[in-house]
There are 2 protein chains.
Amino acid sequence: MFRGQFIHKISKTGRISVPSKFRDNLKKKYRTNFLILSTFENSIICYPLPEWDKLEDKLSRLPQFKKETVEFERYLIGNAHECEIDTEGRIMIPSILRKDFNINNSAVFVGMLSRFEIWSEKVWKKSLVSSFKKFQKSREVIDEI
Amino acid sequence: MFRGQFIHKISKTGRISVPSKFRDNLKKKYRTNFLILSTFENSIICYPLPEWDKLEDKLSRLPQFKKETVEFERYLIGNAHECEIDTEGRIMIPSILRKDFNINNSAVFVGMLSRFEIWSEKVWKKSLVSSFKKFQKSREVIDEI
DNA sequence: GCGTAATTTGTCATTTTTTGGCATATAAAA
DNA sequence: TTTTATATGCCAAAAAATGACAAATTACGC
């Protein structure tokens, strides 16, 4: 499970080291050092490749020319980039994603159990403040669990 | 699998380099460097030759005189061009297709699993904005899958 | 058919981006 | 504090993308 928050620096070439706890989890639980980075709301979302593959498998069986499914595929798959964790524990975040999310000098890793997110530090801090109120509301959802 | 988004420049003669990840996939999975480019909605659609063959196969089993299927066939097959990836990893996009889709200085490659699309950068960006809401909605579909 | 112009192709040079690996710095653990 | 693990900075090498140009091919008018 991916848990916790880590702030790491990003190199000029767009490389950043994945938190070692996340790497351990990837290795033990998923036996991979491949990730899929995609986009979701205000951050990059990262899936272990095996998890992502399940999703693609289902998608690949949808009709090729039906409008809804094509659009769905385009945005889901079109934003999905495969990244390998190198021998130093780093990934390189594709420049398109860095641009889209304003990720420049440092980024925040946020654990989300079976996936994790990468945020621009600025956006993350802003979002924290504004989400406190929302959090109160999401309590209600949690109660149902 | 073809995944992700790449922006590449296009030469005066209409040549553009296919993203290296796509080339790898073509080589490994399909053992070909031939593509079929055709038209669909607002972009050029590109199939590895073996995938295209499957598609033709399916098309050939559709009723021969039904209006919709004939029209669809005419559109898809009639616009199909075979392209070879050269030693530098480039294809040349036929000028008809470039005109049709307003592809001038640069183009966006969008992965779609077993095929990919080539968009004019302008059109792609417009399309992104208008489809942002749909995109958010399609994320919810993931949860259901 | 032939000659000319336009387009396409092959090849190499240049630029830009990505990668691999090591050295240093920082943080965590003993 | 010392040791160990983790993260970062740096640089050279490799790969990828782009640019440029000449040769080959095709299209077109006569």
Side-chain angles (χ1 to χ4, degrees), chain A residues 2-28 33-37 44 46 80-100 103-111 116 118-121 124, chain B residues 2-28 33-37 44 46 80-100 103-111 116 118-121 124:
Chain A
F2 302 107
R3 274 185 281 259
Q5 240 180 79
F6 307 86
I7 298 176
H8 283 181
K9 294 196 175 150
I10 191 161
S11 79
K12 285 161 201 160
T13 62
R15 292 201 290 195
I16 193 168
S17 64
V18 175
S20 68
K21 290 191 179 178
F22 289 6
R23 277 166 11 219
D24 289 349
N25 188 230
L26 275 166
K27 210 173 182 181
K28 266 191 204 152
N33 43 30
F34 283 93
L35 290 170
I36 298 287
L37 310 198
I44 297 172
C46 311
H81 292 256
E82 185 180 299
C83 294
E84 188 177 6
I85 297 176
D86 71 14
T87 52
E88 308 285 308
R90 297 166 302 190
I91 53 170
M92 123 106 177
I93 303 178
S95 61
I96 285 193
L97 296 181
R98 274 179 281 146
K99 269 185 210 156
D100 285 355
I103 293 176
N104 296 101
N105 301 309
S106 57
V108 185
F109 287 83
V110 184
F116 58 91
I118 303 176
W119 289 71
S120 139
E121 212 183 330
W124 172 251
Chain B
F2 302 107
R3 278 189 281 249
Q5 246 179 77
F6 307 86
I7 299 175
H8 283 181
K9 294 196 174 148
I10 190 161
S11 78
K12 285 159 202 162
T13 63
R15 293 199 289 194
I16 192 168
S17 64
V18 175
S20 69
K21 288 194 176 177
F22 288 6
R23 278 168 8 221
D24 288 349
N25 189 229
L26 275 166
K27 209 172 182 182
K28 264 192 206 154
N33 43 30
F34 283 92
L35 290 170
I36 302 285
L37 310 197
I44 298 173
C46 311
H81 299 258
E82 187 179 295
C83 293
E84 188 179 4
I85 296 176
D86 72 15
T87 53
E88 305 287 304
R90 297 166 304 190
I91 51 171
M92 124 106 176
I93 303 177
S95 62
I96 291 189
L97 296 182
R98 273 180 281 146
K99 270 183 209 158
D100 286 355
I103 293 176
N104 296 101
N105 301 310
S106 57
V108 184
F109 287 83
V110 184
F116 58 91
I118 303 176
W119 289 70
S120 139
E121 211 182 330
W124 172 252

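In what follows, every chain begins at residue 1, and chains take the letters A, B, ... in the order their sequences are listed. The basis for the numbers below is simple: all heavy atoms, side chains too, and nothing from hydrogens, waters or symmetry mates.
Taking 4.0 angstrom as the limit, B:Ser17 places none of its side-chain polar atoms (N or O) nearer than this to OP1 or OP2 of D:dA16. Between B:Ser11 and the phosphate of D:dG19, there is no side-chain N or O to OP1/OP2 separation shorter than 4.0 Å. Proximity of A:Ser20 to the phosphate of D:dT6: a side-chain N or O atom is located under 4.0 Å from OP1 or OP2.
Only A:Glu88, A:Arg90, A:Met92, listed by number, bring a heavy atom of residues 83-92 of chain A to less than 4.0 angstrom from any atom of DNA chain C.
Using cut-offs of 30° and 60° for the angle between ring planes, the B:Phe116 and B:Phe22 rings count as tilted.
Nucleotide D:dA27 holds its C1' atom 14 Å from the CD1 atom of B:Ile96, rounded to whole Å. The distance from atom NE2 of A:His8 to atom P of C:dA27 is 11 Å, rounded to the nearest whole Å. Taking atom CG of A:Asn105 as the reference point, atom C1' of D:dT8 lies 13 Å away to the nearest angstrom. For the pair B:Lys27 NZ and D:dA16 P, the computed distance is 10 Å after rounding to whole Å. Atom CZ of B:Phe22 and atom C1' of D:dA16 are 15 Å apart (whole Å). With rounding to whole Å, A:Ile16 atom CD1 is found 16 Å from C:dT18 atom P. Summarising the geometry, the separation between CZ on B:Arg15 and P on C:dT11 is reported as 11 Å, rounded to the nearest angstrom. Per the geometry, NZ belonging to A:Lys12 stands 18 Å off P belonging to C:dT19, to the nearest Å.
When the nucleotides D:dC10, D:dG19, C:dT18 are ranked by their closest atom to the side chain of B:Lys9, D:dG19 comes out on top.
In this structure, B:Thr13 reaches the bases: a heavy-atom distance under 4.0 Å links it to at least one base atom across the strands shown.
Judged by closest nucleotide on DNA chain D, B:Asp24 is the one of B:Asp24 and B:Ile10 placed further toward the 5' end.
Distance check, rounded to the nearest 0.5 Å: CD1 of B:Ile16 to CE of B:Met92 gives 12.5 Å.
In this structure, B:Ile7 places its CD1 atom where more than 12 heavy-atom neighbours from other residues, nucleotides or ligands lie under 6.0 Å away.
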